[in-house]
Amino acid sequence: MSDQKKTATLTVNGQSHELPVLTPTTGPEVVDIRKLYAQAGVFTYDPGFTSTASCDSTITYIDGEEGVLLHRGYPIDQLAGKSHYLEVCYLLLYGELPTAADLEKFENTITHHTMLHEQMQYFFRGFRRDAHPMAIMVGVVGAMSAFYHDSTDINDPRQREIASHRLIAKMPTIAAWAYKYHTGQPFIYPRNDLDYASNFLRMCFAVPVEDYEVNPILSRAMDRIFTLHADHEQNASTSTVRLASSSGANPFACIAAGIACLWGPAHGGANQACLEMLREIGTPDRIPEYIARAKDKDDPFRLMGFGHRVYKNFDPRAKVMKQSADEVLELLGIENNPTLQVAKELEKAALEDPYFTDKKLFPNVDFYSGIILEAMGFPTSMFTPIFALSRTVGWISQWKEQFSDPQHKIGRPRQLYLGETERDYIDIESR
Ligand code: ACO
């Protein structure tokens, strides 16, 4: 990975320091500043980590300028078109595409871990009925550490493996049960004869008095949503998982931390926020008003589903998602859906507006995923839980990779302190 011969020179207070430059397999070179403080007594300043690599990784590569996303070297459009979610999970976790026998074994393992400890039901029942499913997920996933003690020893590779399988397998059950609890319907247990996506759809939409026939086109679209969200290198929630794990926390606690981070509207919560925005706009004639608000510096409003920290081009996932949205809406006969009309017109208007094109603000994956999920019958509150269940494999793969790095340390950023210097305490009667 590294080419120790290359260096960068940094001059601080008249003194020059040679810093190694590391060469990745692809992408920009990386200046190694690990010894900078020891050598020069200075920190670097990079709020939001816009120019900082926090780790090395072999899992996912993004070229934001070109709109490229590769998992273990394979382009996302090929994976979304030719593969399926559990195969992509295997690829992310183990580094290579599985043989037919490996895949069968992996699918069998995941399928046989989908049930939740029966007592976890009572944990769900402790929440208020109007709890957001993400609130339930943060709590229930964190609580897994209290139910699955036999896979919390992070120093035991076998326990780490079982925790990975449990998380991938149980997350759809947890998300579906959060939904069922929220709607006041009985929990539906997983079924081993169904594939991962069909099982999830059935656990969400079947009721004891009437089973749910899974439509293969909807199940394929669901699987594709899972695949498109599976991993995205060092995004906010993944970095949160890595940071939580760096202290030696157990995997269930780390994934709960990732879910909490994903919840925010600037990250995983954007698909919910995007659909709510499209509904609020309501009709295409109101689009100019919203575009004007998004451009107004004094208005905090942003066009949800637009822009990305890394992509300064079309999000490659958005292209596949758009195609999937067309297929699903055609199947369900709702091509004239008003939200979709607003989405299409808004996309067109933004792409013709220099404010958005100059700033390279293009639709991201969340722009179309909400439309598909709504058409399938999911309420907006379920959009982010579905993202969380899809991303679990990415979090787990990055967590697993962290253990393979012999140099891994507790994550502990520095700061630029701008507060008061030392001063004496003033007694309360003198203030
Ligand atoms: N609408 C209007 N203007 C925007 C938008 C937007 N959606 N996104 C960015 N801008 C503008 C900013 O105002 C800023 O303008 P300025 O340079 O004149 O000050 C410029 O574009 C750069 O914006 P930053 O916030 O600095 O970009 P950053 O990379 O930090 O933010 C983010 C990326 C958070 C995704 C942002 O684009 C955003 O808030 N988008 C809407 C929320 C969204 O869709 N999030 C989903 C992300 S994808 C995911 O998590 C799967």
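Each ligand, and each atom within it, is numbered from 1 in the order the structure gives. Owing to the predicted nature of the structure, the values given are computational and were not obtained by experimental measurement.
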Original post:
Would you call the rings of Phe306 and Phe367 parallel, tilted or perpendicular, where under 30° means parallel and over 60° means perpendicular?
Top reply: perpendicular
Original post:
Please, which pairs that meet salt bridge (charged side-chain N to carboxylate O under 4.0 Å, His left out) have at least one residue in residues 235-254, sequence neighbours excluded?
Top reply: Arg242-Glu401
Original post:
How would you list, by chain and number, every residue that makes a side chain to side chain contact (heavy atoms under 4.5 Å, CB included) with Glu66, sequence neighbours excluded?
Top reply: Asp63, Val68
Original post:
Taking only residues two or more places apart in sequence, or in another chain, which ones meet Lys319 in a side chain to side chain contact (heavy atoms under 4.5 Å, CB included)?
Top reply: Phe314
**OP:** Supply the atom-to-atom distance Met137 CE to Met171 CE, rounded to the nearest 0.5 angstrom.
**Re:** 5.0 Å
Between ligand 1 and the protein, which N/O pairs are shorter than 3.5 Å?
{"from": "ligand 1", "atom 1": "1 (N)", "to": "Leu303", "atom 2": "N", "distance (Å)": "3.1"}
{"from": "ligand 1", "atom 1": "3 (N)", "to": "Tyr355", "atom 2": "OH", "distance (Å)": "3.1"}
{"from": "ligand 1", "atom 1": "7 (N)", "to": "Leu303", "atom 2": "O", "distance (Å)": "2.7"}
{"from": "ligand 1", "atom 1": "7 (N)", "to": "Phe306", "atom 2": "O", "distance (Å)": "3.0"}
{"from": "ligand 1", "atom 1": "13 (O)", "to": "Arg302", "atom 2": "NH2", "distance (Å)": "3.4"}
{"from": "ligand 1", "atom 1": "18 (O)", "to": "Lys297", "atom 2": "NZ", "distance (Å)": "2.6"}
{"from": "ligand 1", "atom 1": "18 (O)", "to": "Lys359", "atom 2": "NZ", "distance (Å)": "2.7"}
{"from": "ligand 1", "atom 1": "19 (O)", "to": "Lys297", "atom 2": "NZ", "distance (Å)": "3.3"}
{"from": "ligand 1", "atom 1": "25 (O)", "to": "Arg302", "atom 2": "NH1", "distance (Å)": "3.0"}
{"from": "ligand 1", "atom 1": "25 (O)", "to": "Arg302", "atom 2": "NH2", "distance (Å)": "2.9"}
{"from": "ligand 1", "atom 1": "29 (O)", "to": "Arg309", "atom 2": "NE", "distance (Å)": "3.0"}
{"from": "ligand 1", "atom 1": "30 (O)", "to": "Arg309", "atom 2": "NE", "distance (Å)": "3.4"}
{"from": "ligand 1", "atom 1": "30 (O)", "to": "Arg309", "atom 2": "NH2", "distance (Å)": "3.0"}
{"from": "ligand 1", "atom 1": "39 (O)", "to": "Arg302", "atom 2": "NH1", "distance (Å)": "3.0"}
{"from": "ligand 1", "atom 1": "40 (N)", "to": "Phe306", "atom 2": "O", "distance (Å)": "2.9"}
{"from": "ligand 1", "atom 1": "44 (O)", "to": "Gly305", "atom 2": "N", "distance (Å)": "2.9"}
{"from": "ligand 1", "atom 1": "44 (O)", "to": "Asn364", "atom 2": "ND2", "distance (Å)": "3.0"}
{"from": "ligand 1", "atom 1": "45 (N)", "to": "Ala266", "atom 2": "O", "distance (Å)": "3.3"}
{"from": "ligand 1", "atom 1": "50 (O)", "to": "His267", "atom 2": "O", "distance (Å)": "3.3"}
{"from": "ligand 1", "atom 1": "50 (O)", "to": "His267", "atom 2": "ND1", "distance (Å)": "3.1"}

Original post:
So, for Arg317 and Tyr311, which heavy atoms are closest and what is the spacing to 0.1 Å?
Top reply: NH2-CE1, 3.8 Å
